[in-house]
Amino acid sequence: NSLLFSLTNDYLFRRILQLARNVNNNYTPPGRNAIVNEFLPKIHKSYRDNQVKNFKEAGEDYGGTLHADGATIRKRPLVNVLCSNPGEGSCLLDVVDCSEHMSEDGKKDAWYLAKMMLPLMREVDPNKVIFDYVVFDGASNFQKAAKLIGEHFPRVTGRALGWVG
């Protein structure tokens with residue numbers, strides 16, 4: 001499978017082999033579908049919940065920033081939404097697939113973007129005391145969405161902040 005020979009020196013690989021010695025002969029490792037459909041979503045949820053909890057705790061001291069940007073990967077329109085603060089670093093809140101919306105002649109306009117981000121912000125900051133900044137690129141739809149978000153989160157400043165990158 002084109003694995004590197006140095007894999008045999010990896011601590012985690014060696015740990016798996018050690019643990020495998022203790023399993024009875026009837027054990028069958030999970031298949032690809034179980035890993036993709038069952039285990040990865042649970043791991044992701046656990047990791048995200050922990051990151052959001054840490055973001056909230058640090059946000060009480062430092063405040064928080066919302067970041068978002070659009071991307072198109074293999075003709076699939078996406079929007080990445082993250083939050084960060086100096087105490088915790090970055091946390092991925094969601095990667096929104098906009099395919100269905102776009103297929104119904106929708107656009108990634110300011111209203112759509114704001115309606116996408118506001119529920120995520122309310123989930124993380126229901127009392128509206130953590131988020132104090134939004135950072136988007138210079139695209140006019142994101143800049144207008146930032147202003148709309150500012151209407152719902154009054155502490156948010158720098159609503160028109162952006163850069164062209």
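Nothing fancy with the numbering, it's 1 onward along the sequence.
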Please confirm whether the backbone N or O of [Y] pairs with a side-chain atom of [X], one donor and one acceptor, at under 3.5 Å?
| X | Y | answer |
| --- | --- | --- |
| Q143 | D137 | yes |
| R155 | V129 | yes |
| N37 | N33 | yes |
| N80 | A68 | no |
| D125 | I130 | yes |

Taking all heavy atoms of [X] and all of [Y], pick out the closest pair and write down the distance.
| X | Y | result |
| --- | --- | --- |
| N24 | N26 | OD1-N, 2.9 Å |
| A145 | L113 | CB-CB, 3.8 Å |
| G64 | F55 | CA-CZ, 3.8 Å |
| G150 | V156 | CA-CB, 4.4 Å |

Practice problem: Kindly check if the number of other-residue, nucleotide or ligand heavy atoms within 6.0 Å of OH (Y11) is above 12? | Solution: no
According to a hydrophobic-cluster definition based on side-chain heavy atoms being under 4.5 Å apart (Ile, Leu, Val, Met, Phe, Trp, Tyr only), do [X] and [Y] belong together?
| X | Y | result |
| --- | --- | --- |
| L3 | L17 | yes |
| Y62 | V135 | no |
| L120 | F142 | yes |

Self-check item: Verdict with reasoning, I149 to L66, per side-chain contact (heavy atoms from CB on, under 4.5 Å)
Solution: CA-CA 10 Å; I149 288 169; L66 181 79; 4.3 Å; yes
Exercise. Enumerate the residue pairs fulfilling salt bridge (Lys or Arg N to Asp or Glu O under 4.0 Å) with a member in residues 14-37, sequence neighbours excluded, ordered by first and then second residue.
Key: none
Once rounded to the nearest 0.5 Å, what's the spacing between atom [atom1] of [X] and atom [atom2] of [Y]?
| X | Y | atom1 | atom2 | answer |
| --- | --- | --- | --- | --- |
| M116 | K108 | CE | NZ | 7.5 Å |
| S84 | Q51 | OG | CD | 11.5 Å |
| N85 | K56 | CG | NZ | 13.0 Å |
| M121 | K128 | CE | NZ | 9.0 Å |
| C83 | M117 | SG | CE | 13.0 Å |

Given a cutoff of under 4.5 Å between side-chain heavy atoms of I, L, V, M, F, W and Y, with clusters grown through shared members, what are the other residues clustered with [X]?
| X | result |
| --- | --- |
| V36 | none |
| L82 | I73, L78, L92, V95 |
| F5 | none |
| I35 | F39, L40 |

Test of understanding: with salt bridge (Lys or Arg N to Asp or Glu O under 4.0 Å), list the residues that count as partners of [X], not counting sequence neighbours.
| X | answer |
| --- | --- |
| K53 | E57 |
| K45 | D49 |
| R48 | E123 |

Exercise. Verify whether the ring centers belonging to Y133 and F153 lie closer than 6.0 Å.
Key: no
Quiz item: E38: what forms a side-chain hydrogen bond (donor to acceptor under 3.5 Å, both in side chains) with it, not counting sequence neighbours?
Solution: none
Quiz item: Who passes side-chain hydrogen bond (donor to acceptor under 3.5 Å, both in side chains) against T65, sequence neighbours left out?
Solution: none
Exercise. Can you tell me which residue pairs pass the side chain to side chain donor-acceptor pair (under 3.5 Å) test with a partner in residues 96-105, sequence neighbours excluded?
Key: R76-D97, D97-S99
Self-check item: Pair listing, side chain to side chain donor-acceptor pair (under 3.5 Å) test, anchored in residues 110-120, at least two apart
Solution: none
